[in-house]
Number of protein chains: 2
Amino acid sequence: MSENGRPTATIRRVAEAAGVSRATVSRVMNGRSTVAPELAARVLEAARALDYAPSPVARSLALGRTATIALIVPDLANPMFQDVLRGLSQAAGEDGHRLIVAESNENVANEEVLAVEARRRCDGIVLASPRLPTEDLERLAPLLSPLVLINRKLPGTGVPSLSVDHGAGIGDLVAHLLSLGHRRIAYLSGPSASISNQDRVDALLRLSAEGREFELVQLACGATFENGHAMAGAVVETGATAVVAYNDMVAFGALSGLHELGIPIPGRLSITGFDDIPFARYTTPPLTTAAVPKNVLGHQAWTQLSNQLHNNPTQNQATFRPRLLVRGSTGRAPTP
Amino acid sequence: MSENGRPTATIRRVAEAAGVSRATVSRVMNGRSTVAPELAARVLEAARALDYAPSPVARSLALGRTATIALIVPDLANPMFQDVLRGLSQAAGEDGHRLIVAESNENVANEEVLAVEARRRCDGIVLASPRLPTEDLERLAPLLSPLVLINRKLPGTGVPSLSVDHGAGIGDLVAHLLSLGHRRIAYLSGPSASISNQDRVDALLRLSAEGREFELVQLACGATFENGHAMAGAVVETGATAVVAYNDMVAFGALSGLHELGIPIPGRLSITGFDDIPFARYTTPPLTTAAVPKNVLGHQAWTQLSNQLHNNPTQNQATFRPRLLVRGSTGRAPTP
DNA sequence: ATGAAAGCGCTAACAG
DNA sequence: CTGTTAGCGCTTTCAT
């Protein structure tokens, strides 16, 4: 927006140079209605000569839309959001939309202000807000619309929401472990406040109650490598033959801790992660995990937002089933 | 920008409601000059009642600035850029600026268009463009100004540039290895087109020529885990006692490959990485590496951009020296 | 098919 | 201290 070299050409200058009205320039630049070929040529020529390009800001004001959307996440360091960001940026970019990113730093109060403010410069919002109380979210939603939610639902409001089916992922993981003969499984749980952890716990509880095929041992853990690492000893003491970790980081930490204790993996203990972060395939042994389609989520978020922008029908609830990735960290249960 | 619920209040409505002119409302909203307390109160009250907030788009047009900047990177999957993004987003955010991100997908042609287009909606650009030919960059720079370059220099143009001193990093790494008694060092080189690889090679060549303290063996490799993994055998054959890898991914791959060959690390072979990606501390053994201050780069980028926006003097070339992180993957050279 | 004119919502001289 | 006026640059009826 600032001046360097020659001042940026405006539509007025082009109009003068081409000897036509601004309206005509506008029409030509937008390929609108039919302008006499000769005039059109003159305009194009003048535009080229003056190095003219329409001002996006002025267009935004006149049109009432910005061709920009915003992504609001609690934490840009989280691999989950990094990939959603990539997918969203790419998808929106292909449709000629720019992406503004805002990080709330896990600060919920901040998040509200950020979102509302962002919405004013944008045509729509993709919001990942694991912590915001549902009632606040409900109050906010109309202000933010068009809006797409990541891993949050607002039933009955018509706000499209994309979520990962953590339960199904856990189901696949457990089925895999059962097929390998495991009958006593330890769960290294994530942050208790986390909804996604609750999803996992619920699924595990249901599975162990339903089939009674395995015993479940819950261990309070956390979400980090260090948390997982610290639980290695406790895991061994449970006598479990397999451990389901809250996520890949925890699994990785546990793997590392068990390594140090001299426990062979998967010989004596099998271990699974969740997410399929970039490094999951490179641990030793590589991590069996439930891969969350993070990029797809980003793409879908754009699809849903784009639908709203064009007043097309949206899919209110899309659930993404993680894909089971069997790698080296799981094997047959040891025979006692 | 679209309508939900009641149409968004405008400055005009507020003015009418408060019985003042739009100019006064504007003044109050911006804390400008001194408005009679009584009027100010009326305006504020009206604004609150109408749920009014000034339109950023209209302000942008009127003011000629958007309070937005853009970051353009070749690849959002690259941990380097992810962290720069975080740092930049945070720093700019604290100063009330939004961040637009654009990914060129390593497509240089795309990059030019993207950058110029982005510049029109923004007040400034942070550009990471490892591939763009210098002459193109020189032509582009004036159009993009205010501009900050990441890992590229444009000497004599006054364009601020932030770069990592790869040579110094390599110097620290090599000094560390020499102090451990290593006298034959293999370098797993990165993509030959990469300037940062060239920096490293130059430093190594200089070091081995200058002091003649060690022999250098170069091995063409790449930038990925797989590339490093594939070179494990070749590394052993060189008879080197230490390997300096192009980056952490390569080091990690090599580590893994050497592991499979049964080579004790660091007992028989020491190995170093570069970057300090999040997982470097979690490999077995943890990777000795040169930590690039990626977040700081992001923050500094904002500082330099902000200086330009305020017509303050800028620091034209800032070079960031990586920090040597000694971890478990390096040890004393084996005694023959 | 083209131009004149009004308007998007806000800010910034300039008067008073 | 406040209001009037004139833009910022573009789009879009509405006439012609």
Side-chain angles (χ1 to χ4, degrees), chain A residues 1-3 6-44 46-47 50-68 96 117 119-123, chain B residues 1-3 6-44 46-47 50-68 96 117 119-123:
Chain A
M1 309 289 320
S2 94
E3 63 304 312
R6 300 296 101 227
T8 316
T10 71
I11 196 175
R12 153 169 253 136
R13 289 214 181 308
V14 176
E16 287 166 356
V20 299
S21 75
R22 295 177 248 136
T24 299
V25 176
S26 174
R27 289 194 264 259
V28 171
M29 296 310 289
N30 295 292
R32 273 287 187 295
S33 82
T34 132
V35 174
E38 188 227 1
L39 273 200
R42 282 221 314 266
V43 169
L44 256 13
L50 295 174
D51 222 1
Y52 168 76
S55 151
V57 177
R59 294 195 86 227
S60 295
L61 183 58
L63 292 173
R65 52 187 156 78
T66 60
T68 301
E117 199 269 355
R119 177 59 183 81
R120 308 249 13 225
R121 344 171 81 83
C122 287
D123 301 339
Chain B
M1 308 291 320
S2 92
E3 63 305 310
R6 301 296 100 229
T8 315
T10 73
I11 197 174
R12 153 170 253 135
R13 289 212 181 310
V14 176
E16 287 166 357
V20 301
S21 74
R22 294 177 250 136
T24 298
V25 176
S26 173
R27 288 194 266 258
V28 171
M29 296 310 291
N30 295 291
R32 273 287 188 296
S33 84
T34 128
V35 174
E38 189 227 359
L39 274 201
R42 283 219 315 267
V43 169
L44 255 15
L50 295 173
D51 223 0
Y52 168 76
S55 151
V57 177
R59 294 194 85 226
S60 296
L61 182 58
L63 291 173
R65 53 189 156 77
T66 60
T68 301
E117 199 269 356
R119 177 60 183 80
R120 307 250 12 225
R121 344 170 80 83
C122 287
D123 301 339

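Below, chains carry the letters A, B, ... as their sequence lines are ordered, and counting in each starts from 1.
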May I ask you to evaluate whether A:R22 reaches the phosphate of D:dC10, defined as a side-chain N or O under 4.0 Å from OP1 or OP2? no

Given atom CD of B:E38 and atom P of D:dT2, what is their separation to the nearest angstrom? 9 Å

Straight-line distance of A:S21 OG to A:E16 CD, nearest 0.5 Å: 12.0 Å

Figure out the CG/P separation between B:L63 and C:dG9, and round it to whole Å. 16 Å

Say whether, by atom type as modelled, one donor and one acceptor occur between the side chain of A:R27 and the main chain of A:R32 under 3.5 angstrom. no

Compute the bend angle of the helix from C:dA1-D:dT16 to C:dG16-D:dC1 from the end axes (five pairs per end), rounded to 10°. 40°

Of all the nucleotides listed (D:dT12, C:dA12, D:dC10), which has the minimum atom distance to the side chain of A:I11? D:dC10

Nearest-angstrom distance from the residue atom CZ of A:R12 to P of C:dG3: 14 Å

Between the side chain of B:R121 and the main-chain N/O of A:T66, is any donor-acceptor distance below 3.5 Å? yes

Between B:R27 and B:A58, the residue closer to the 5' end of DNA chain D by nearest nucleotide is B:R27

What's the spacing between A:D123 CG and A:R65 CZ if we round to 0.5 Å? 7.5 Å

Nearest 0.5 Å please: distance from the OG1 atom of A:T10 over to the CZ atom of A:R22. 8.5 Å

So, does A:R13 get its side chain near the phosphate of D:dG9, meaning an N or O under 4.0 Å from OP1 or OP2? no

Would you check, one step at a time, whether the test side chain to side chain contact (heavy atoms under 4.5 Å, CB included) holds for A:V57 with A:S60? CA-CA 5 Å; A:V57 177; A:S60 295; 5.5 Å; no

B:A62 vs B:S21, nearer the 5' end of DNA chain D by closest nucleotide: B:S21

If the cut-off is 4.0 Å, is A:S55 near the phosphate of D:dG9, judged by side-chain N/O to OP1 or OP2? no

Provide, to the nearest angstrom, the distance between the CE atom belonging to B:M29 and the C1' atom belonging to C:dA12. 17 Å

Rounding to an integer number of Å, can you tell me how far A:R59 CZ sits from C:dG9 C1'? 18 Å

Describe the nucleic acid contact of A:V20 in one word from base, sugar-phosphate, nothing, applying a heavy-atom distance below 4.0 Å. sugar-phosphate

A:E16 has an atom CD; how far is it from atom C1' of C:dT2, in whole Å? 17 Å

Regarding the side chain of A:A23, the nearest nucleotide among C:dT11, C:dA4, D:dT11 is C:dA4

Value rounded to 0.5 Å, distance of OG in B:S55 from CG in A:L61: 6.5 Å

Looking at B:T24, does any N or O in its side chain come under 4.0 Å of the phosphate oxygens OP1/OP2 on D:dG3? yes

Nearest to side-chain heavy atoms of A:N30, which nucleotide of D:dC10, C:dA1, D:dT11: D:dT11

Among the candidates D:dT2, C:dG9, D:dC10, find the nucleotide nearest to the side-chain atoms of B:A36. D:dT2

Using atom CZ of B:R120 as one end and atom P of D:dC8 as the other, report the distance to the nearest whole Å. 14 Å

Measuring only between side-chain heavy atoms, which start at C-beta, is A:T8 closer than 4.5 Å to A:Y52? no

Calculate the interatomic distance between A:L61 atom CG and D:dC8 atom P; express it in whole Å. 13 Å

